[in-house]
Amino acid sequence: MVSSSAPIAAGPAVATYGNFIAGEWRPARSGGTFENRNPANQEELVGHFAASSAEDVDDAVTAASEAAAGWRRTSAIARSTILHKAAAILESRINDVGRELTREEGKTLKEGIGETTRAVQILRYYAGEAQQPIGENYPSLSPTTLLYTQREPLGVVAVITPWNFPIAIPTWKIAPALAFGNTVVFKPASLTPLCAVRLVEALAEAGLPPGVLNLVTGAAGAVGNPLVRDERVVGITFTGSNAVGADLRRIVAERGAKLQLELGGKNPAIVLADADLDHALGHVVNGAMMSSGQKCTATSRAIVERGIADQFTELLAARISSLKVGDPLQAETQVGPLVNEEAAERVAAEIERAKGNGAELLVGGGRPNENGLGQGAFVTPALFGGVNPDSRLGQEELFGPILGVIPVADVEEAIAVANRIRFGLSASMFTRDLGTALHFAREIQAGIVHVNSETAGAEPQVPFGGMKGSSSYSREQGKSAREFFTQVKTVYLDPPPMPPALAEARASGAS
Ligand code: NAP
């Protein structure tokens, strides 16, 4: 039986949410829960969530394994219909879910609603993808052989996601996994479990059979660790930090499951002297500071031609210091808090460290106290000038509202500096010169390239992912998802030998 709603207990103000296993919302086996708080106001509880353990993971993987054969044999058209229904259900809740997203993650309400809208679009996109051809026909040496390929699901896949896009990233993994016939065990980030609950509710209400999608909330060690080690899990798609990605690479290589890693970035925006500076300014500031700089595709290096570096830095300083920091639920707020107090302290410490290493802080970088902001995980957007590209500030993903300006002599030095890093997720260039733009697109080492737009833009119908240390050479979204979530079977179909009488009749021309 699929329960109709997620909360398993609701007090006067704060609900308790369970896991979703075998089509039922249920508490963790231990009965334990953990709290989720609003990063804009640490006093405010968002909910209590199941603090699961290896036993719950085992239940979820068992449910997914038992459901796998039935779901694999379900027609792709029926799977598509369920995804369409889930899209309609989530769409009818966009404002509520977007608001909840803002309350648990901290991005502005506009961004929270925008991200939920994107999740709806992704569900629709993969409802369509489920109806696309699943194989190819080939000529054979033998004229009577029907030689074709067909794509088949992997089986049980684990979906492990970060907190910074708490509904879009789970959707762009779960929707194609289901569309192509896999069953799923989903472990969301512990900082954003409510968005995970809302997504699973929409899919369950749309009619997914029990066991096809299972949600297990809880800590990385207690849930993520047994999940990636379970031999029944044949595919693991992970988005998160490089450190955890490196651990998963080791663990999963030993047992030979299919692994997809989407990791960090340190993304450059190159601004050339011929660019429309006002246009570049808006895009560089948005790329750096929206979601408080906590996007894997955020702009964190502004690589600027020396001739305009002072002028552009002044423009950046004025624009960044004018950004309205505050409660992300308020319409006028442009920059909300970081995801929690620990993240705010870490980012503030990175800013102090960069100053200590000689970097010049031009604006921001403080922990504001006024207007109740002291209750939240706020850091004012920070701009550093004259950054050494090889310093920690120029090389490491700091995951906060921090932009560093790196002056360079010309376009060649700009591209060389942009590429001299272990990451390769996204990059942008601002120029009016078409030849230079094409040269940049050819030479930049990044999986996503923008010309005259910010590093953080991404549409769901095209591949998404990074080069070098930013991914495992795989891509998500668009048609790329099919590569990860399916495997190819090649079929040689030969007719049996013809009975002699029929062969004779055919040879003599009789029909
Ligand atoms: P994280 O700490 O690596 O965690 C990501 C997910 O993995 C969480 O669900 C986490 O659980 C879980 N996890 C942690 N350790 C694990 C382990 N040993 N085994 C199994 N699961 C484990 O990353 P994050 O702080 O949530 O996210 C920020 C990072 O994600 C940044 O580096 C950002 O660039 C990257 N990111 C990349 C992309 C991309 O597409 N390339 C997109 C968005 C974000 P808990 O929450 O319980 O710890």
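In each ligand, atom 1 is the first atom listed, and ligand 1 is the first ligand listed. Along the sequence shown, the residues carry numbers beginning at 1.
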Tell me whether the rings of Y126 and F180 are parallel (<30°), tilted (30 to 60°) or perpendicular (>60°). perpendicular
What is the ring orientation for F399 with W163, classed by angle as parallel under 30°, tilted 30 to 60°, or perpendicular over 60°?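 F399 vs W163 ring planes: perpendicular.
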When you measure from the heavy atoms of [X] to every atom of ligand 1, does any distance fall below 4.0 Å?
X	value
D247	no
V223	no
G218	yes
I160	yes
A219	yes

Which residue from W172, F399, F34, W163 reaches closest to atom 25 (O) of ligand 1 through any of its heavy atoms? W163
Note: heavy atom closest to atom 29 (C) of ligand 1, options P162, G240, P193, belongs to G240
Counting only heavy atoms, which portion of [X] has something under 4.0 Å from ligand 1: side chain, backbone, both, or neither?
X	answer
Q294	neither
A220	both
S471	neither
N164	side chain
F165	neither
T161	backbone

Might you confirm whether atom [atom1] of [X] has over 12 heavy atoms from other residues, nucleotides or ligands at distances under 6.0 Å?
X	atom1	result
E459	CD	no
K258	NZ	yes
E342	CD	no
R99	CZ	no

Does a side chain donor of either T239 or E262 reach within less than 3.5 Å of an acceptor in the other side chain?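 No donor-acceptor contact under 3.5 Å links the two side chains.
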Quick one about Y125 and E129 (side-chain donor to acceptor, distance below 3.5 Å, no hydrogens or angles considered), yes or no?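 Side-chain D/A pair, E129 to Y125: present.
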Starting from [atom], locate the nearest protein heavy atom and write down its residue, its atom name and how far away it is, to 0.1 Å.
atom	value
atom 42 (C) of ligand 1	C296 SG, 2.9 Å
atom 11 (O) of ligand 1	K187 NZ, 3.1 Å
atom 1 (P) of ligand 1	S241 OG, 3.6 Å
atom 46 (O) of ligand 1	S190 N, 2.8 Å
atom 41 (N) of ligand 1	L263 O, 2.7 Å
atom 32 (O) of ligand 1	E397 OE1, 2.7 Å
atom 40 (O) of ligand 1	F464 CE2, 3.1 Å

Can you check whether K295 reaches F165 side chain to side chain, under 4.5 Å on heavy atoms?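 K295 vs F165: side chains touch.
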Would you check if T161 and F186 make a side-chain contact, meaning some heavy-atom pair closer than 4.5 Å? yes
Can you list the ligand 1 atoms lying under 4.0 Å from a non-hydrogen atom of [X]?
X	value
I169	42 (C), 43 (C)
T239	5 (C), 36 (N), 37 (C), 38 (C), 39 (C), 40 (O), 42 (C), 43 (C), 44 (C)
P188	9 (O)
G224	19 (N), 20 (C), 21 (N)
L248	19 (N)
V244	3 (O), 14 (C), 15 (N), 16 (C), 17 (C), 22 (C)

Side chain to side chain contact (heavy atoms under 4.5 Å, CB included) between D230 and V185: does it pass, once the steps are laid out? CA-CA 11 Å; D230 194 309; V185 179; over 6 Å; no
Please report the C-alpha distance between S474 and E483 in whole Å, then the side-chain angles of each, then the deciding distance to 0.1 Å, and finally whether the side chain to side chain donor-acceptor pair (under 3.5 Å) criterion is met. CA-CA 8 Å; S474 50; E483 297 301 320; over 6 Å; no
Minimal non-hydrogen separation, T217 against A50, with atom names: OG1-O, 2.7 Å
Check against salt bridge (charged side-chain N to carboxylate O under 4.0 Å, His left out), R198 and E104: CA-CA 13 Å; R198 297 304 182 218; E104 76 171 352; over 6 Å; no
Side chain to side chain donor-acceptor pair (under 3.5 Å) between T333 and T108: does it pass, once the steps are laid out? CA-CA 7 Å; T333 296; T108 62; over 6 Å; no
Decide whether an N or O pair under 3.5 Å exists between E476 and ligand 1. no
After noting the C-alpha distance and the side-chain angles of E100 and R93, does the key distance pass the salt bridge (charged side-chain N to carboxylate O under 4.0 Å, His left out) rule? CA-CA 11 Å; E100 287 179 330; R93 300 171 184 170; over 6 Å; no
With a 4.0 Å cut-off, strictly under, does atom 4 (O) of ligand 1 pick up any protein heavy atom? no
